[in-house]
Structures are given as structure tokens and as C-alpha cells.
Number of protein chains: 2
Amino acid sequence: MSGVHHQGPACQRPMAQQWRNMNRTASIKDVANQARVAVGTVSNVLNYPDRVSQRTKDRVLAAIEELGFIRNDAARQLRAGHSRTIGLIVPDVGNPFYTSMARAAETAAVLQGSAVLLGDSSQDAGRESNYIDLFQEQRVQGLLISPVGDVTDRLQALRDRGIPSVLVDRSADASSFSSVSVDDDAGGYLAARHLLDTGRRRLAFVGGPVSIQQVADRLHGARRAVAENPDASLEVLDSDGQTVLAGRRVGNDLVGRGPQVLPDGIFCANDLLALGVMQSLAMTHTYRIPEDTALIGYDDIDFAESAVVPLSSIRQPTEALGRTAIELLAEELETGSSAHRSVIFTPELVVRHSTSRTIFGS
Amino acid sequence: MSGVHHQGPACQRPMAQQWRNMNRTASIKDVANQARVAVGTVSNVLNYPDRVSQRTKDRVLAAIEELGFIRNDAARQLRAGHSRTIGLIVPDVGNPFYTSMARAAETAAVLQGSAVLLGDSSQDAGRESNYIDLFQEQRVQGLLISPVGDVTDRLQALRDRGIPSVLVDRSADASSFSSVSVDDDAGGYLAARHLLDTGRRRLAFVGGPVSIQQVADRLHGARRAVAENPDASLEVLDSDGQTVLAGRRVGNDLVGRGPQVLPDGIFCANDLLALGVMQSLAMTHTYRIPEDTALIGYDDIDFAESAVVPLSSIRQPTEALGRTAIELLAEELETGSSAHRSVIFTPELVVRHSTSRTIFGS
DNA sequence: TCGTAATAATGAAACGATTCAAGTAATCGA
DNA sequence: TCGATTACTTGAATCGTTTCATTATTACGA
């Protein structure tokens with residue numbers, strides 16, 4: 001726009017400057033000209049203020065102010081070879097568990113001077129891979145990932161290129177990657193054990209594709225608990241997805257069942273699923289929680305407490321997860337990613353009304 | 001690891017190559033060498049495949065594959081002058097309303113070939129400003145922002161530099177910016193009108209600092225409704241913050257009141273606050289919802305439906321908001337941000353049990 | 001066989017910051 | 001006043017792409 005503009009005599013004096021302000025955003029060179037110093041000096045003012053005398057520093061800062069100069073990050077990181085950015089890939093930003101963790105990670109990252117790029121893989125291996133591509137093109141410093149598909153090869157390749165990864169909410173043999181996770185097997189055990197302890201025997205596990213490690217581990221833990229009671233059984237209900245909606249679908253199926261085949265204790269792989277199941281049961285008024293069937297979720301998101309029937313859950317330390325993930329990544333960056341560490345947190349049972357003991361037979 | 005490696009005769013043949021793989025990530029130049037073509041040709045293969053003959057294209061692609069070449073985005077955007085990224089600043093990623101919108105925006109952006117950088121200002125004008133700085137350094141294509149502080153000046157400056165902004169969830173006079181929003185005044189009216197229609201007269205509005213536009217508008221709408229009933233009153237309870245926790249604090253205050261001074265209808269500026277209030281009331285068992293006081297929220301997040309007492313709310317079209325915001329931004333980018341548009345959606349009342357009519361005097 | 005298009009391929013220049021070896025100015029002790 | 005430090009400043013080289021004016025190659029009709 002406004003490309004034609006004769007150099008007539010009507011032009012105002014500070015024209016060149018005006019042009020610059022309008023057209024292009026000022027570069028370090030423009031600042032150098034304005035302040036009548038060399039570009040290197042401007043750079044020093046920005047990066048090593050001690051190396052510059054007060055007098056010139058003032059001049060340069062004034063010029064920066066006047067031109068409204070903003071560093072071009074692309075140029076910086078081209079020179080530096082890497083960005084000041086950390087990639088974070090989570091399976092579902094709609095899940096408060098992940099947003100909570102992401103927030104903690106972001107806070108920790110900002111403290112150490114990095115920004116966090118957040119990607120939502122939506123439980124989709126393809127999207128996940130796309131994000132890895134994107135982050136690789138961006139030359140992120142490192143990657144935090146709560147993987148959905150099988151990404152070990154890709155992460156290995158990244159690491160060979162000097163981009164370390166930390167697995168989040170997923171344990172790894174420390175030989176290949178650092179990781180920070182919560183003991184899902186123990187959590188699954190806790191949940192099922194609690195249902196058994198309150199008298200339930202016909203348990204059901206509701207969980208997305210078992211190909212997801214977390215789901216598999218939680219199920220495994222539950223199986224372990226159930227195996228301790230010979231008269232107990234565990235049915236597995238596959239939910240496609242880990243959302244409230246998916247939970248509602250499973251709930252609708254359950255509602256159609258007769259009381260004899262209804263599980264008397266339901267363990268959902270996360271709170272979203274549990275709330276979905278709860279919605280179905282509550283809406284149809286066919287069965288009551290916890291009288292007809294107990295319900296326990298996983299993650300202990302904020303909304304579990306304020307659910308129709310306050311939801312029992314397994315609490316994970318989201319803040320600690322996010323913070324530690326960043327710390328581990330920082331370690332890898334310093335040590336040159338030679339050694340890896342795995343931090344495993346322990347989950348915690350939170351009992352609420354959805355599993356309270358009832359006057360119960362067997 | 002493996003830093004020392006004498007050039008003894010035991011070395012394998014493709015050593016130079018091996019070094020390259022280990023050390024540096026391959027550049028377009030390396031690819032050019034490997035494929036025995038000029039750098040420009042490689043670039044053409046990547047950007048204008050039609051300009052290159054099949055033969056050389058094959059050679060280049062093979063080289064890319066072999067070296068594991070990954071474009072360096074920093075270099076690209078240094079040359080291009082801008083990134084392929086859109087900045088999005090929201091006040092609270094813990095609020096499902098915003099994540100939902102962000103997701104919609106992200107989806108729409110990916111379709112048009114851009115990535116979205118998500119920033120959480122945490123309702124803090126300082127953080128908000130920091131994100132604007134960051135995005136400006138990153139030379140984002142454009143900015144979607146749900147502003148907390150007064151950012152008009154900054155956005156104006158950005159626009160002058162060719163970076164357009166779209167205000168999200170906040171209307172603007174179309175003279176300066178495009179915006180996409182929901183009529184908050186109408187929403188506030190809807191909510192208060194509904195409480196009045198179901199017999200409530202002593203209303204309370206719970207909302208964060210009124211300095212936030214959305215809060216102010218919703219309150220204004222509520223006032224408008226209340227003014228229509230001479231015997232109705234509206235009390236304003238300031239919550240510091242818009243979170244579940246803030247709501248719980250307000251709720252605890254309410255619980256301490258005698259029944260005469262307890263509002264019989266509470267309108268919270270968003271669902272998080274409402275759920276917090278609900279938690280307090282439910283935990284102490286002092287007052288019941290909706291018998292002693294009705295409760296209505298705003299946003300209609302997924303969790304409203306599965307609350308202890310299913311929460312009435314005002315629904316906003318989050319998907320449409322996010323999608324439209326990206327569309328408006330795309331328009332600005334095409335037209336050179338000359339003209340601006342404001343899209344205003346209409347909110348919708350969703351009635352659930354938390355406001356159901358009770359056997360009630362006047 | 002030659003001239004003329006069309007088609008491919010080339011490689012230098014530019015983008016904007018950082019780095020660093022080299023140069024200049026100021027300071028100080030003798 | 002000189003030489004030696006120290007304190008600042010300079011500006012060319014560099015990072016990895018894309019662009020584009022040239023040059024090389026090929027194809028085709030006369």
C-alpha cells in the first residue's frame with residue numbers, strides 16, 4: 001500500500017525516518033545509525049551492558065526507544081542455533097490434569113528464561129508426529145511429551161541432534177530418556193483396592209484404548225488388587241477416548257443393563273470419563289451412586305469435588321510433575337544429555353461420596 | 001559422549017558424513033552437496049517442486065532423506081520477515097471456556113497453515129504485556145487476545161508495524177480493531193431475568209474485579225433486568241479472581257450469613273466461580289441449592305452439567321468464537337488490515353436444577 | 001545446421017542478530 | 001613524556017533460508 005510517493009519538495013523533513021517507522025520494523029542497524037555507533041555496540045548494550053560506557057549506552061537506549069526497536073527473535077536463534085523455547089505435547093488440553101501440569105511447566109520454564117510452546121495431540125499419533133516436526137523445525141531447546149503413539153525412535157533421533165526430551169506422565173527406562181511420572185500401577189491398585197475394601201466385588205474398569213500406557217498401567221494395578229480377592233471380578237469396558245463425552249457413552253450402555261449385570265464398583269481411567277458416566281446415570285435416574293454402583297475416577301481434577309456426587313479419585317501431583325519435568329530437561333541441557341533420570345511420584349487416594357460404603361450384602 | 005576418536009586407519013569410510021550426522025543438523029547446503037546441485041535448487045524442491053525436473057528432484061529428496069534434513073524455521077522467517085505463527089493470549093487456561101476456544105482457534109489456524117502460540121496471562125496485566133513482547137519478538141503474523149489490562153495502545157503500535165490483532169471475547173468499536181465476542185450485557189440480562197422469573201428477588205452478583213470488561217458488562221445486563229422489578233435488589237460481591245477457589249471464598253462468606261440476608265438468587269460471572277460457591281454451600285450443609293438460594297453461572301462449561309447440583313448457565317459458542325477469530329485475522333492479513341469487523345454472538349440460557357423453581361413466597 | 005524459445009539449474013545477495021579479532025582512546029605509573 | 005594497561009568500540013563474518021537475475025541446457029521448427 002501507498003507505494004507511489006514522489007520525492008517532491010512538499011515532503012516533510014524527517015521523511016526517511018517516517019518511512020522507516022511506517023514500513024519496516026526497525027533493525028539493530030537502524031538503531032546503530034540513529035545512535036551513531038556500530039551494530040556490535042548495540043548488540044552489546046542488549047546482551048552485555050557492562051561492556052559499554054554509560055554515555056553510549058544512554059544514546060543507544062534512547063535510539064531504541066525512539067525507533068521502537070524490537071529484537072528479531074528469528075535472527076537471534078538463527079545465529080544461536082537454537083531457540084529459547086521448550087515444546088510441550090499433551091494428549092488433551094481439555095483435560096484439567098494436563099492444563100494444570102502445563103501451567104506448572106510454563107511457570108518453571110519462564111523462571112529459567114524459556115517460553116513453552118503447547119501442542120495438543122488430541123490422542124492422535126498423527127497430530128503428535130506433526131507437532132514433533134513443527135518443534136524440530138523451530139529448533140526447540142527440548143521437548144516435554146506425554147506420548148500417545150510410539151515415538152521412541154523419533155525422540156532418539158531428536159536426541160542425537162542435541163534436542164533432549166523428557167517423558168511426562170510416562171515412565172521410561174532411564175537408559176534412554178529422562179522421565180517424570182506417577183506410579184499408575186500403584187494408582188490403579190489404590191482405586192480398585194478401595195472399591196474392594198468398601199464391599200464391592202463386581203468391578204468394571206472404564207478406559208480408552210489400552211494401547212495408551214497410562215491406561216494399561218492403571219488397569220494392571222486394578223487387576224492386581226482384584227486378584228487378591230478370589231470372589232471379585234473385573235470387567236473391562238473400552239471407551240473410545242478419554243473425554244466426558246466418551247464417558248457418557250459408556251454410561252448410557254451401563255444404564256441399559258439389568259441390576260444383576262451392573263458392576264457395583266466402577267473405576268474410570270480418568271475423571272473426565274467418570275464425570276461422563278456419572279452424568280448418564282444421574283440423567284436417567286435408573287441407578288444411584290454410590291448405592292447401586294460406586295464410582296471412582298483418576299487425576300482428582302478440581303471439578304471432581306463439585307460433581308453431582310462428589311467424586312472419589314486418585315490424586316496426582318500436577319504441579320510437581322510440571323516443575324520436575326522442566327528441571328530434568330534443564331539437567332539434560334547442562335550435562336549434554338548424557339545421563340538420564342526417572343522421577344516417579346506416588347499417587348494418593350481421595351475418598352468422596354461417590355464411593356462411600358453402603359449397607360451392602362457380601 | 002564419544003568425543004575422542006583418533007583418525008586412525010581403523011576408521012570407517014563415510015566418516016566425514018558420520019561426523020556431520022553426529023554433530024550438526026544438516027543444512028540445505030549439505031543437502032545440495034550431497035545431491036550435487038545448487039542450494040537454490042534444493043530450496044526450489046521444497047517450495048516450488050514444479051520448477052525442478054523429476055531427475056534432480058529425486059536426487060534431492062534422496063539426499064534430504066539420507067541426511068535427515070529438517071528445515072530451519074528461524075532462517076526461513078528471518079528471510080520472510082514474519083513467522084507462520086499466531087499468538088493467542090487468554091486470561092486463564094484453567095478455565096475450560098478458554099481452552100475450548102483456544103482449541104477451536106488452533107484447529108482453524110492449522111487448516112490455513114499456521115500454528116498457534118498459546119499464552120496465559122493469568123488475569124495479570126504484567127504477564128499479558130510480557131506475552132505481547134514475546135510475540136512481537138517472534139514476529140507473529142497476528143494476535144488474538146482476550147485482554148485483561150488496557151492494551152489498546154500496544155495493539156495499535158503492533159498494527160502500525162503490520163501485526164494485526166483481533167479482540168476475542170471482547171467487543172471493540174470496529175474503527176480500531178476487529179473483534180469477536182458474545183453479547184455479555186444480553187447474557188447478564190438473561191441470567192438475572194431468569195432468576196427473577198423464577199421468583200427470586202434478593203439477587204447477588206459475584207464477579208472478579210469490575211475493571212474486567214466482561215464482568216462489567218454482565219453486571220450491567222443484570223442491573224438492567226433487576227431494574228425492571230421495583231421490588232428486586234442486586235447486591236454485588238467482589239470476588240478476587242475468577243477461579244473455583246475465589247468462588248469458594250465468596251461461598252464461605254455467604255454461609256456465615258443469616259437466612260434473612262442471604263441472597264435468594266446468585267449470579268456468578270463465570271461457572272468456575274459458581275462451582276466454587278456451590279462447593280462451599282454443599283460442604284457446610286447450611287443452605288441448599290436451589291431451595292434456599294438459586295445459582296446460575298456463565299459459560300456453560302462441560303462440568304456445569306455434572307455439578308453437585310447441575311448448574312444453570314449462560315452458554316457461549318466457544319467453537320464459533322475461536323474459528324471466527326482466526327477468520328477475521330485472516331481477513332485482516334489479506335486486506336492489509338485496512339477495514340475491521342466486529343462479530344457479536346448471542347448467548348443462550350441453559351436451565352438446570354440449580355435454578356429450578358421452588359415453592360416460594362414472593 | 002542454426003536460431004529461438006522454453007525449461008532447468010546456478011549462485012550471489014539479503015534477512016537481522018551475535019561474535020570476536022582488531023583497532024582506538026583513556027588512564028596510570030614512572 | 002612514554003609505554004603499558006585497561007576500557008570501549010568497531011565492523012566483517014556467520015548462521016540457513018529464499019529470491020532472482022544469469023547462465024546452461026534442451027527441444028523444436030525452418
Side-chain angles (χ1 to χ4, degrees), chain A residues 20 23-61 63-64 67-85 136-141 161-163, chain B residues 20 23-61 63-64 67-85 133-134 136-140 161-162:
Chain A
R20 174 164 301 139
N23 258 355
R24 237 164 24 81
T25 136
S27 79
I28 208 176
K29 215 167 188 169
D30 302 320
V31 174
N33 285 340
Q34 176 93 356
R36 315 204 141 278
V37 295
V39 286
T41 305
V42 179
S43 177
N44 280 335
V45 170
L46 294 169
N47 300 299
Y48 309 93
D50 301 345
R51 296 188 189 163
V52 184
S53 75
Q54 194 59 47
R55 261 169 46 88
T56 46
K57 197 155 36 181
D58 290 343
R59 277 224 310 289
V60 170
L61 289 175
I64 286 176
L67 297 177
F69 164 75
I70 305 272
R71 266 164 142 114
N72 183 326
D73 201 59
R76 290 185 88 185
Q77 66 177 65
L78 171 57
R79 187 78 234 274
H82 63 90
S83 69
R84 287 161 13 273
T85 305
Q136 204 169 352
E137 290 191 1
Q138 309 252 28
R139 301 291 194 268
V140 294
Q141 289 183 285
R161 296 235 163 71
I163 300 181
Chain B
R20 173 165 301 141
N23 261 354
R24 236 164 24 81
T25 135
S27 78
I28 210 176
K29 215 167 187 169
D30 302 319
V31 174
N33 284 341
Q34 176 93 357
R36 314 202 144 282
V37 296
V39 287
T41 305
V42 178
S43 177
N44 281 334
V45 169
L46 294 170
N47 300 300
Y48 309 92
D50 303 344
R51 296 188 187 164
V52 184
S53 74
Q54 193 59 47
R55 260 167 49 88
T56 46
K57 196 152 41 180
D58 289 344
R59 277 222 312 288
V60 170
L61 289 174
I64 286 176
L67 298 177
F69 164 76
I70 305 272
R71 262 161 141 116
N72 183 328
D73 200 59
R76 289 186 86 185
Q77 66 177 63
L78 172 55
R79 189 74 236 274
H82 63 92
S83 69
R84 288 168 1 278
T85 305
D133 286 342
L134 179 67
Q136 206 171 349
E137 290 191 1
Q138 309 252 31
R139 302 291 193 267
V140 294
R161 295 235 163 70

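- The interatomic distance linking A:Lys57 (NZ) with D:dT9 (P) rounds to 10 Å, in whole Å.
- The heavy-atom pair separating B:Val37 from B:Val60 by the smallest distance is CG2-CG2, 4.0 Å.
- The side chain of A:Arg139 lies closest to D:dT17, out of D:dT17, D:dG11, C:dA17.
- Residues A:Asn72 and A:Ala74 come closest through the heavy atom pair OD1-N, 2.8 Å.
- Remark: the backbone N or O of A:Gln136 is not paired with any side-chain donor or acceptor of A:Arg161 at under 3.5 angstrom.
- Although no hydrogens or angles enter the test, the distance criterion places no donor-acceptor pair under 3.5 Å between the side chain of B:Ser83 and the main chain of B:Gln77.
- Of the two residues contacting DNA chain C, namely B:Arg79 and B:Asp50, the nearest-nucleotide position lying further toward the 5' end is that of B:Asp50.
- Rounded to whole angstrom, the span from the NZ atom of A:Lys29 across to the P atom of D:dA13 amounts to 13 Å.
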Practice prompt. Would you mind building the protein contact string for nucleotides 23-28 of chain D? One character per nucleotide, 5' to 3', B for base within reach (heavy atoms under 4.0 Å), S for sugar-phosphate only, - for untouched.
Written response: ------
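- Following rounding to the nearest Å, A:Arg71 (CZ) and C:dG16 (C1') show an atom-to-atom distance of 12 Å.
- Nearest to the side chain of B:Leu46, among D:dT17, D:dT18, D:dA12, sits D:dT18.
- A straight line from NE2 of B:His82 to P of C:dC15 spans 15 Å, rounded to a whole angstrom.
- Going from atom CG of B:Asn44 over to atom P of C:dG11 covers 14 Å, rounded to whole Å.
- Distance from the side chain of B:Asn72 is smallest for D:dT17 among the nucleotides C:dG16, D:dG11, D:dT17.
- In this model, the phosphate group of C:dA8 is not approached by any side-chain N or O of B:Thr41 to a distance below 4.0 Å at OP1 or OP2.
- Using a 4.0 Å heavy-atom distance criterion, A:Val42 is classed as making no nucleic acid contact.
- Distance from the side chain of B:Leu78 is smallest to C:dG16 among C:dT10, C:dG11, C:dG16.
- Considering every non-hydrogen atom in both B:Phe69 and B:Ile28, the closest pair reads CE1-N, 3.5 Å.
- D:dT14 atom C1' lies 16 Å from atom CD of A:Gln77, rounded to whole Å.
- Taking 4.0 angstrom as the limit, A:Ser43 places none of its side-chain polar atoms (N or O) nearer than this to OP1 or OP2 of C:dA17.
- The two residues A:Asp30 and A:Thr25 have their closest heavy-atom pair at OD2-O, 4.5 Å.
- Within the structure, a side-chain polar atom (N or O) of B:Asn47 is placed less than 4.0 Å from OP1 or OP2 of D:dT18.
- Distances shorter than 4.0 Å separate some side-chain N or O of B:Tyr48 from OP1 or OP2 on D:dT19.
- Atom CG in A:Asp30 sits about 15 Å away from atom P in C:dA14, given to the nearest Å.
- Atom CD1 in A:Ile28 sits about 19 Å away from atom P in C:dA14, given to the nearest Å.
- Summary of the strand contacts: A:Val39 and A:Val52 both lie near DNA chain D, and taking for each the nucleotide with the nearest heavy atom, the more 5' one is attributed to A:Val52.
- Residue B:Arg139 comes nearest to A:Ile70 through the heavy atom pair NH2-O, 2.8 Å, listed as atom of the first residue, atom of the second, then distance.
- Under 4.0 angstrom from either OP1 or OP2 of C:dA8 there lies no side-chain N or O belonging to B:Arg51.
- Put simply, A:Ser53 has a side-chain N or O that comes within less than 4.0 Å of OP1 or OP2 on D:dT9.
- Distance alone, capped at 3.5 Å, is enough to place a donor-acceptor pair between the A:Arg59 side chain and the A:Ala35 backbone.
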